[in-house]
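These notes concern the structure reproduced below.
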There are 2 protein chains.
Amino acid sequence: MGTDTHISEHRAADHLISVFEAQIRSGALAEGDMLPPEREIVQTYGVSRTVVREAVLALSNKGLVQARPRHRPVVVKPGYDTALNVVQSIVGQLLDQPGGIRNLFDLRIMMEAALVREAALKATKEDIQRLKTALMANEAATGNSEAFFRTDTAFHGVLFEIPNNPVLPFIHRAYTTWLAPQWTQMPREPQRNQRNFQAHKRVYEAILHRDPDLAEKELRAHLAAAWDQVCITFEGL
Amino acid sequence: MGTDTHISEHRAADHLISVFEAQIRSGALAEGDMLPPEREIVQTYGVSRTVVREAVLALSNKGLVQARPRHRPVVVKPGYDTALNVVQSIVGQLLDQPGGIRNLFDLRIMMEAALVREAALKATKEDIQRLKTALMANEAATGNSEAFFRTDTAFHGVLFEIPNNPVLPFIHRAYTTWLAPQWTQMPREPQRNQRNFQAHKRVYEAILHRDPDLAEKELRAHLAAAWDQVCITFEGL
DNA sequence: GAACATTTTTTGTCATACCAAAACCGATCA
DNA sequence: TGATCGGTTTTGGTATGACAAAAAATGTTC
């Protein structure tokens with residue numbers, strides 16, 4: 001019931017954390033800056049090194065600073081790049097849930113179906129040109145499974161870029177960085193690559209003809225086939 | 001495994017972290033169990049309390065244990081609930097980006113447009129009944145802005161439940177828990193509530209008539225109006 | 001001015017100590 | 001018997017000091 005957030009009680013580190021977080025967000029600590037040495041923070045804020053280290057560690061885990069061992073922590077502006085790491089760990093957790101793979105895959109289908117609809121309705125000439133370029137690269141790579149995988153994700157990536165919403169490429173990156181390790185070890189015969197390319201081509205042509213229903217249909221068929229591949233590869237369903 | 005940043009150099013805490021993480025995932029440490037006392041871990045693994053505390057803190061930040069001050073950390077199985085907190089912080093970061101509000105709102109429009117399409121095509125009788133119940137509660141609350149907000153999100157929540165994908169309600173919760181604080185302080189005259197309810201009703205009826213195109217159109221109109229409200233409330237665009 | 005050797009910082013880790021809150025336990029009392 | 005109350009033990013939060021090793025800063029030599 002009680003959705004936690006009982007931050008009621010106070011640890012000394014929490015204060016330090018919020019102080020630095022504010023300094024980072026306000027720009028007092030710019031990106032690339034280094035945090036002061038631990039002993040200096042100790043003197044400045046009158047706390048023990050224990051607390052300082054705890055606070056810095058928390059900032060590091062929050063992604064606000066990047067702390068390599070034996071190096072001073074470096075400030076990183078919170079943004080899409082820093083968020084990516086966290087999202088990836090989230091995706092990992094979601095995948096561990098029962099049916100996680102299927103659920104995330106379904107979600108991807110839903111999102112990408114919506115994407116091709118939008119693309120069919122609102123893609124600019126430049127968008128379509130980029131799609132075509134990606135498609136041609138995809139075709140050229142049907143013989144090389146490794147290269148085909150790259151051009152495959154690139155083609156889908158263009159779809160995520162069309163709505164001009166930076167959150168979408170972000171999601172795509174989070175998804176593919178999970179996918180990549182699993183996908184690459186799947187057997188990919190050239191004939192299957194050829195079939196996938198043809199599917200991409202049909203989606204592209206539906207977008208070209210400004211037919212959202214057809215684009216969605218082709219996209220869903222393509223991803224359903226991809227899911228079958230996944231199923232065959234990982235017996236676990 | 002090392003989904004994290006750089007596995008380059010070794011901190012002593014990293015070992016402990018992976019040990020406990022393995023124990024949690026394998027079930028050796030079940031949900032609700034408490035981690036051993038720090039001093040016991042010290043003796044077991046032959047490291048200092050500094051390292052133990054650092055490891056526990058990291059586990060806590062990872063969401064694998066829930067550590068209230070002065071209490072023993074309690075093991076939590078990674079799942080949707082634990083992931084929620086992290087996602088909320090991510091959403092916060094994304095909102096801080098330039099145009100973040102607009103981008104996330106657009107994303108929501110896109111997702112929910114896809115949702116009502118699916119609902120119009122595949123909603124069961126039970127789904128439609130739940131939608132109707134939520135709609136009626138919504139209508140009954142047009143006079144009370146606070147209650148209307150609750151029934152409003154509940155109605156949209158039902159939409160996220162229809163595809164039977166637990167990730168979708170998860171996303172909805174992450175979205176609304178951000179939205180709630182901002183939304184509630186918006187002025188909501190009953191007349192505006194009435195208009196929002198009518199919009200909900202039109203979406204519902206489109207789903208009832210199995211008309212995905214109309215459902216999407218009504219949903220987009222509804223959310224576009226909602227965005228105008230947001231714009232009016234927060235000058236910052 | 002560049003390559004090398006040396007000194008100083010700074011982090012990572014350990015050990016110890018103390019306080020206060022929590023948990024534990026036994027005695028008391030209804 | 002069972003609940004309550006008080007004190008004792010455990011345990012987490014913090015402080016302090018120390019040391020090794022790596023990094024950074026400095027100086028030295030060619």
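Lettering of chains follows the sequences in order, A, B, ..., and the numbering in each one begins at 1.
Note: OH (B:Y45) to P (C:dT13) measures 17 Å, nearest angstrom. Atom CZ in A:R70 sits about 8 Å away from atom C1' in C:dT10, given to the nearest Å. Taking atom CD of B:E40 as the reference point, atom P of D:dG12 lies 10 Å away to the nearest angstrom. B:R68 places its CZ atom 17 Å from the P atom of D:dT11, with the value rounded to the nearest Å. Computed from coordinates, the B:R49 CZ to D:dG17 C1' distance equals 16 Å when rounded to whole Å. As a whole-Å value, the separation of B:Q43 CD from C:dA15 P is 11 Å. If you measure from atom CE of A:M34 to atom C1' of C:dT9, you get 12 Å, rounded to the nearest angstrom. Distance A:E54 CD to D:dG12 C1': 11 Å, rounded to the nearest Å.
Taking every side-chain heavy atom of B:S48 into account, C:dT13 is the closest of C:dT13, D:dG12, D:dT16. Among the nucleotides C:dG12, C:dT13, D:dA15, the one closest to the side chain of B:A12 is C:dT13. For A:P69, taking side-chain heavy atoms from C-beta onward, the closest of the listed nucleotides C:dT13, C:dG12, D:dT14 is C:dG12.
Contacts of A:R72 with the nucleic acid, taken as non-hydrogen atoms under 4.0 Å apart, involve only primed sugar atoms and P, OP1 or OP2.
For the pair A:Y80/B:Q93, no side-chain contact is recorded, criterion being any heavy-atom separation below 4.5 Å from C-beta on.
Salt bridge status for A:R25 with A:E21: present, with a side-chain N to carboxylate O gap under 4.0 Å.
The residue among A:R53 and A:T50 whose nearest nucleotide of DNA chain C lies closer to the 5′ end is A:R53.
Panel note: side chain A:S60, backbone A:V56; no donor-acceptor pair is recorded below 3.5 Å. Between the side chain of B:N165 and the backbone N or O of A:N103, at least one donor-acceptor pair lies under 3.5 Å.
Neither OP1 nor OP2 of D:dG13 sits under 4.0 Å from any side-chain N or O of B:H71.
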Output, in order, the C-alpha distance, side-chain angles, deciding distance and verdict of salt bridge (Lys or Arg N to Asp or Glu O under 4.0 Å) for B:R72 and B:D33.
CA-CA 10 Å; B:R72 299 261 292 282; B:D33 275 355; over 6 Å; no
